[in-house]
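The model shown is predicted, which means the values in this text are computed figures rather than measured ones. Labels below follow one simple rule: chain letters A, B, ... track the order of the sequence lines, proteins then strands, and each chain is numbered from 1.
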Amino acid sequence: MKIVTNVELAQLLRKVAAAYQILDENRFKIIAYERVADSIEHLTSEAKDLWDDGKLNEIPGIGEGISHYLDELFRSGTVKHFDDLFKRVPEAVFPLLLVPGLGPKKAYRLVKEFGFRGSKTVISDLEKAAKAGKIAPIEGFGEKSEEGILSSIALYKKGAVKENRMELPIADSIAKAVITYLNNLREVERIDVLGSLRRMVSTIGDIDLAVATKYSDRVVAHFVKYPHEKIIDEGPQGATLLLHNGRQVDLRVQDPATYGAMLQYFTGSKNHNIALRELALSRGLSLNEYGIKKVSKSKVKSQKSIKCDTEEAFYNTIGLPWIPPELREDKGEIEAALHGRLPKPIEPGDIKGDLHIHTNYDLETSHDLGADPLAVHLDRAEKLRYEYIGISDHNPSVTKHTVSQIVGIMKRRKEYYDRQAHGKPVHVFVLCEVDIQPDGTLALPTEAFAYVDAAVVSIHSSFTLAKPVTTKRVIAALTAHPKVRIFGHPTGRLLTKREGVELDWKEVFAVCKKRDIALEINALPQRLDLPDTIVYDARKEGIRFCINTDSHAVSHMDMMRYGVSVARRGWCEKRDVVNTMVYNEFKHWLIR
DNA sequence: GCCGTTTTCGGCCCGACTGTTTTCAGTCG
């Protein structure tokens, strides 16, 4: 297999780690490979591109050894050392690692015991063995292991296991339902959503909740009575349920006196927590979910731990200010906190307008119209306390009209919106979302630009062109007309469905910077486009953003907060986002 | 195998739960 993408690369490195684990290699070597796999997964750019630029060593966790192997990989397509390693482990082991509860050691024992061959059939072979009662007698296994393997395989087959992530609103609504249920219990003092949902990651794996209570047993007992498919875990500190919808909910309970440590621990991210614990250790402190202990030379000095009832207290005890959850990804936030350089992330209330709204006005586009008229959107905008909105209908179809027909449509539309908007408390900008055609030209004739205040340009077709071609295409579009002010949903990704286009972001950033074009942060939960990692990179280059909902119905206008959370994860402050400007300033920025 | 405001050697985040065990290894988050 030719390794190209970060996902494949991370898989390869995890496979190396698993093989080393089976061969009882030094466990820190194993951790080293897992760490690199992890940081490659979290990379904003392709590792291959970094290698091209000779910057492989900038990836955290990559040193001389792994760098040398990856060099061989990118050069020749294979790594002899890895191939030799894999020869020492039966191929059938690796598919078993996808079954929950099976790690390298157990998977290896099973493969060796039964002599499984062929990675394609191994899971069904194992299922047969379990059903025949052949696993329980193996040393180290037992009745329960056999049952566990069977139910894990069933889950695996249902697809409920790996990479089955959900969009934010779905996670929100599941969390809300469970919280409502738990709040019926008097013993619950406080409930919080933690984990990736609190950090507002673009897709959510499972729901993490924490409860502050003095009666943990009662809360856990109540929780496991919530309608479920299966209890995955249960203990005095919490429990994990698999719901009927295939989603997992993880609950932790904790005494209010130490709740701050729990909030911090269970919010993650894992990498943030690891980095935080390493920092704490260097200062003679050991962190866990119950509090902070003083240590010396990896020995606990006193058994008494410092209790923190709030997260602020927890961070302060380590000597740091509180870090907003969206920043906790080990992307330099701890360093920034140490030096008092944490950003003050943008808040939903900073948004003064939404510039990407589709109404039901029919301008004979080949794309979707919105469902609601301008007036309805204006009412909503007023309730949201916006000063202005922008109507960004799709351009009229270019194949079904002549240039003069399009100019006519755009002129009539402009006049219509101007009449409708007259005298309203919320200002209306008449924009247009213009297709970036495969050759980089815009799907709106130059003459028609006279009837728009500005244009949002977006890709809606040919998503899979080669990177240099797409880059050229986008740059051509961004520079095609001075009224191009916003680059709409720049990657074109649809979460869990479609990968975004490949772009040379450095080049795109440079053009945006020069022409002061804003990159859209599309707040639609299926998009969340730009991805937060690219927002982070772009912001460092001084690029500004416009957070829009891309509403096709008035209810979509309430999704703005998801876009704001992407900006927060990208370390954006108010000043990094153009639609936080007051009307006059914004108008001055927008209209060229 | 990585890495350095104590270090180029000697460390490497922390704990819960499970199952099969009489003290622990494996897996997970």
Side-chain angles (χ1 to χ4, degrees), chain A residues 13 16-18 20-22 24-39 57 59-70 81 85 96-110 135-149 151-152 161 194-196 205-206 208 216 220 231-240 248 250-254 261-262 264-293 295-300 305 318-319 330 335 338-339:
Chain A
L13 293 165
V16 172
Y20 274 145
Q21 215 163 328
I22 288 163
D24 275 327
E25 253 296 349
N26 177 316
R27 70 191 177 97
F28 295 109
K29 193 194 242 184
I30 297 162
I31 290 170
Y33 274 94
E34 279 169 349
R35 273 202 156 186
V36 175
D38 230 58
S39 49
N57 285 321
I59 299 173
I62 290 193
E64 215 175 317
I66 295 181
S67 154
H68 178 78
Y69 293 136
L70 294 191
H81 175 71
L85 175 67
L96 290 183
L97 301 180
L98 297 175
V99 177
L102 290 185
K105 296 273 189 173
K106 285 190 184 179
Y108 180 63
R109 293 274 331 254
L110 291 167
I135 290 177
I138 303 172
E139 200 190 333
F141 290 82
E143 296 281 338
K144 294 209 171 174
S145 304
E146 194 168 80
E147 274 171 45
I149 285 171
S151 69
S152 291
V161 182
L194 305 179
S196 54
D206 52 23
D208 298 317
S216 59
V220 173
I231 298 176
I232 292 177
D233 266 333
E234 189 180 353
Q237 330 287 340
T240 303
Q248 208 165 297
D250 210 345
L251 176 80
R252 301 285 178 130
V253 289
Q254 182 101 288
M262 172 56 81
Q264 196 290 317
Y265 156 76
F266 209 22
T267 296
S269 68
K270 189 180 164 195
N271 288 337
H272 172 83
N273 286 359
I274 289 174
L276 199 66
R277 285 172 192 165
E278 280 170 349
L279 171 75
L281 211 54
S282 76
R283 300 181 162 193
L285 299 169
S286 170
L287 311 181
N288 62 33
E289 58 261 56
Y290 305 105
I292 299 173
K293 281 181 270 192
V295 295
S296 66
K297 296 221 167 158
S298 76
K299 286 216 169 110
V300 180
S305 72
I318 311 165
D330 192 23
E335 173 90 339
L338 276 170
H339 296 97

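- Annotation: of the two residues near DNA chain B, A:Asn273 and A:Lys144, the 5′-most nearest-nucleotide partner is A:Asn273.
- Across all strands shown, A:Asn26 has heavy atoms under 4.0 Å from base atoms, whether or not it also approaches the sugar-phosphate.
- Using a 4.0 Å heavy-atom cutoff across all strands shown, A:Arg27 reaches no nucleic acid atom at all.
- Atoms CD (A:Glu64) and C1' (B:dC2) sit 11 Å apart, rounded to a whole Å.
- A:Leu285 places its CG atom 13 Å from the C1' atom of B:dC13, with the value rounded to the nearest Å.
- Rounded to an integer number of Å, the gap from CG of A:Asp38 to P of B:dG1 is 19 Å.
- The side chain of A:Ser145 lies closest to B:dT20, out of B:dT20, B:dG26, B:dC17.
- Here A:Tyr69 lies in heavy-atom contact (under 4.0 Å) with sugar-phosphate atoms only.
- For the P atoms, the distance linking B:dG26 with B:dT21 amounts to 13 Å, nearest Å.
- A:Asn57 has its CG atom 9 Å from the P atom of B:dC2, to the nearest Å.
- If you take atom C1' in B:dG4 and the same atom in B:dC14, they sit 22 Å apart, rounded to whole Å.
- Base contact: A:Tyr265 has a heavy atom under 4.0 Å from a base atom.
- The separation between A:Gln264 atom CD and B:dC13 atom C1' is 12 Å, rounded to whole Å.
- Using P as the reference atom, B:dT7 and B:dG1 are 26 Å apart when rounded to the nearest Å.
- For A:Leu281, whose side chain is taken as the heavy atoms from C-beta onward, the closest listed nucleotide among B:dC17, B:dC13, B:dG1 is B:dC13.
- For the P atoms, the distance linking B:dT27 with B:dT20 amounts to 14 Å, nearest Å.
- Comparing the C1' positions of B:dA16 and B:dT5 gives a spacing of 35 Å, expressed to the nearest Å.
- Between the C1' atoms of B:dT23 and B:dT18, the separation comes to 15 Å (whole Å).
- Rounded to whole angstrom, the span from the NZ atom of A:Lys29 across to the C1' atom of B:dC2 amounts to 12 Å.
- Among the protein residues, A:Ile30 comes within range of no part of the nucleic acid, since none of its heavy atoms lies under 4.0 Å from any strand.
- The partner of B:dT18 is B:dA25, by the rule that a Watson-Crick or G-U pair needs both atom distances under 3.5 Å.
- Taking side-chain N and O atoms only, A:Arg35 has a distance below 4.0 Å to OP1 or OP2 of B:dC13.
- Separation of the C1' atoms belonging to B:dC2 and B:dG15 is 24 Å when rounded to the nearest angstrom.
- With rounding to whole Å, A:Leu279 atom CG is found 17 Å from B:dC3 atom P.
- Between A:His81 and A:Tyr69, the ring-plane angle classifies as parallel under the 30° and 60° cut-offs.
- In this structure, A:Gly142 and A:Arg277 both approach DNA chain B, and ranking their closest nucleotides by distance from the 5' end singles out A:Arg277.
- Among the atoms of the strands shown, base atoms are found under 4.0 Å from some heavy atom of A:Ile274.
- Of the possible polar contacts, one joining the A:Gln254 side chain to the A:Glu289 backbone as a donor-acceptor pair under 3.5 Å is found.
- A:Arg35 has a carboxylate O that lies under 4.0 Å from a charged side-chain N of A:Glu278, or vice versa, which qualifies the two as a salt bridge.
- Panel note: side chain A:Ser152, backbone A:Pro100; a donor-acceptor pair is recorded below 3.5 Å.
- A gap of 29 Å separates the P atoms of B:dT22 and B:dC12, to the nearest Å.
- Separation of atoms CD (A:Glu34) and NZ (A:Lys29) is listed at 13.5 Å; rounding is to 0.5 Å.
- What separates CG of A:Leu287 from C1' of B:dC14 is a distance of 9 Å, to the nearest Å.
- Nearest nucleotide to the side chain of A:Gln21, out of B:dG1, B:dT27, B:dG15: B:dT27.
- Partners of A:Tyr108 under the side chain to side chain donor-acceptor pair (under 3.5 Å) rule, at least two apart in sequence or in another chain, do not exist in this structure.
- In the set B:dC2, B:dA16, B:dG26, the nucleotide with an atom closest to the side chain of A:Glu289 is B:dA16.
- Here the side chain of A:Asp233 is nearest to one of B:dG1, B:dT18, B:dG15, namely B:dT18.
- Across all strands shown, A:Ile62 has heavy atoms under 4.0 Å from sugar-phosphate atoms exclusively, and none from any base.
- Between B:dC14 and A:Ser286, a contact under 4.0 Å exists linking OP1 or OP2 to a side-chain N or O.
- With A:Thr240 as the partner, the side chain to side chain contact (heavy atoms under 4.5 Å, CB included) test is satisfied by one option alone out of A:Asp250, A:Asp208, A:Ile231, A:Asp206: A:Asp250.
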